[in-house]
Amino acid sequence: VQLQASGGGLVQPGGSLRLSCVASTGIFNFNVMGWYRQAPGKQREFVAHSYNDGFTYYADPAKGRFTISRDNAKNTVYLEMNNLKPEDTAVYSCMTISGGVEYWGQGTQVTVSS
């Protein structure tokens, strides 16, 4: 499974971005797909998960501002980010688990700065 993330960029505080993660294979059977982020000098941290049954789960910093969604027909998971803050600056990576193996995309840089 290969994952390709895109959609990052430079945005002002309060702005929005939508990240996309396209999988090389169908995601319908992937129980979980998720987004994580890693800021400079910090460990990678959980952002959001999307489960195959429609359940979604968010880290506290993402609640109310970020929305994870998946389009099985397009093999894509999205992360809609609103009201971005400078502390959201990080490399955002998508992941999934298939057959007990974790797969990670290469990441996309999000920079929130005025």
Side-chain angles (χ1 to χ4, degrees):
V1 178
Q2 293 182 332
L3 302 173
Q4 180 73 40
S6 62
L10 173 64
V11 63
Q12 292 185 342
S16 299
L17 282 175
R18 188 176 80 157
L19 306 183
S20 300
C21 175
V22 181
S24 60
T25 186
I27 65 172
F28 180 79
N29 290 322
F30 292 172
N31 181 46
V32 59
M33 296 197 73
W35 288 95
Y36 287 70
R37 67 186 184 185
Q38 187 167 20
K42 294 186 177 181
Q43 290 187 333
R44 184 167 58 196
E45 64 177 8
F46 163 73
V47 176
H49 276 170
S50 168
Y51 293 86
N52 213 11
D53 62 1
F55 181 75
T56 56
Y57 184 69
Y58 298 91
D60 285 344
K63 290 179 181 177
R65 299 189 299 127
F66 295 2
T67 302
I68 188 171
S69 61
R70 61 199 304 184
D71 186 336
N72 290 338
K74 295 183 178 179
N75 298 335
T76 302
V77 62
Y78 302 99
L79 185 68
E80 183 79 31
M81 304 186 293
N82 298 311
N83 190 23
L84 283 161
K85 304 175 182 180
E87 51 264 42
D88 294 318
T89 295
V91 175
Y92 285 70
S93 300
C94 56
M95 61 78 68
T96 190
I97 300 175
S98 178
V101 178
E102 285 188 0
Y103 296 90
W104 291 86
Q106 87 291 356
T108 184
Q109 176 70 46
V110 172
T111 302
V112 185
S113 175
S114 55

Do side-chain atoms of [X] reach the backbone of [Y] as a donor and acceptor pair under 3.5 angstrom?
X      : Y      : answer
Tyr78  : Thr67  : no
Thr111 : Thr89  : no
Gln4   : Gly105 : no
Thr96  : Val32  : yes

Is any side-chain heavy atom of [X] closer than 4.5 Å to a side-chain heavy atom of [Y]?
X     : Y      : value
Arg70 : Asn52  : yes
Trp35 : Met81  : no
His49 : Met95  : yes
Arg37 : Val110 : no
Leu84 : Phe66  : yes
Ser16 : Val11  : no

When you group the ILVMFWY residues by side-chain heavy-atom contacts below 4.5 Å and let the links chain together, are [Y] and [X] in the same group?
X      : Y      : result
Leu79  : Tyr36  : no
Ile97  : Val101 : no
Val47  : Tyr58  : yes
Tyr103 : Met33  : yes

Sort out for me which residue in Cys94, Ser20, Cys21 forms a side-chain contact (heavy atoms from CB on, under 4.5 Å) with Ser6.
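Among the candidates, only Ser20 passes.
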Ring centroids only, cut at 6.0 angstrom: are Tyr57 and Tyr51 within range, meaning strictly under it?
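They do not qualify: ring centres at least 6.0 Å apart.
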Quick one: closest heavy-atom pair of Ser113 and Pro13, and the distance?
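In terms of heavy atoms, the two residues are closest at C-CD, 3.6 Å.
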Heavy-atom pair with the smallest gap, counting every atom of Ala23 and Leu3:
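Heavy-atom minimum between the residues: CB-CD2, 3.7 Å.
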Assess whether atom CD of Gln2 is packed by more than 12 heavy atoms of other residues, nucleotides or ligands within 6.0 Å.
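No - once you tally the heavy atoms of other residues, nucleotides and ligands closer than 6.0 Å, there are 12 at most.
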Glu80 side, atom CD; Leu19 side, atom CG - distance, nearest 0.5 Å
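So the CD of Glu80 and the CG of Leu19 are separated by 9.0 Å.
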Atom pair CD1 (Ile27) and CG (Asn72), whose distance is rounded to the nearest 0.5 Å
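Going from the CD1 atom of Ile27 to the CG atom of Asn72 covers 4.5 Å.
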Take Asp88 and Lys85 through the test salt bridge (Lys or Arg N to Asp or Glu O under 4.0 Å) and record every step on the way to the result.
CA-CA 5 Å; Asp88 294 318; Lys85 304 175 182 180; over 6 Å; no
Mind running side chain to side chain contact (heavy atoms under 4.5 Å, CB included) on Phe30 and Val77 for me, showing each step along the way?
CA-CA 11 Å; Phe30 292 172; Val77 62; over 6 Å; no
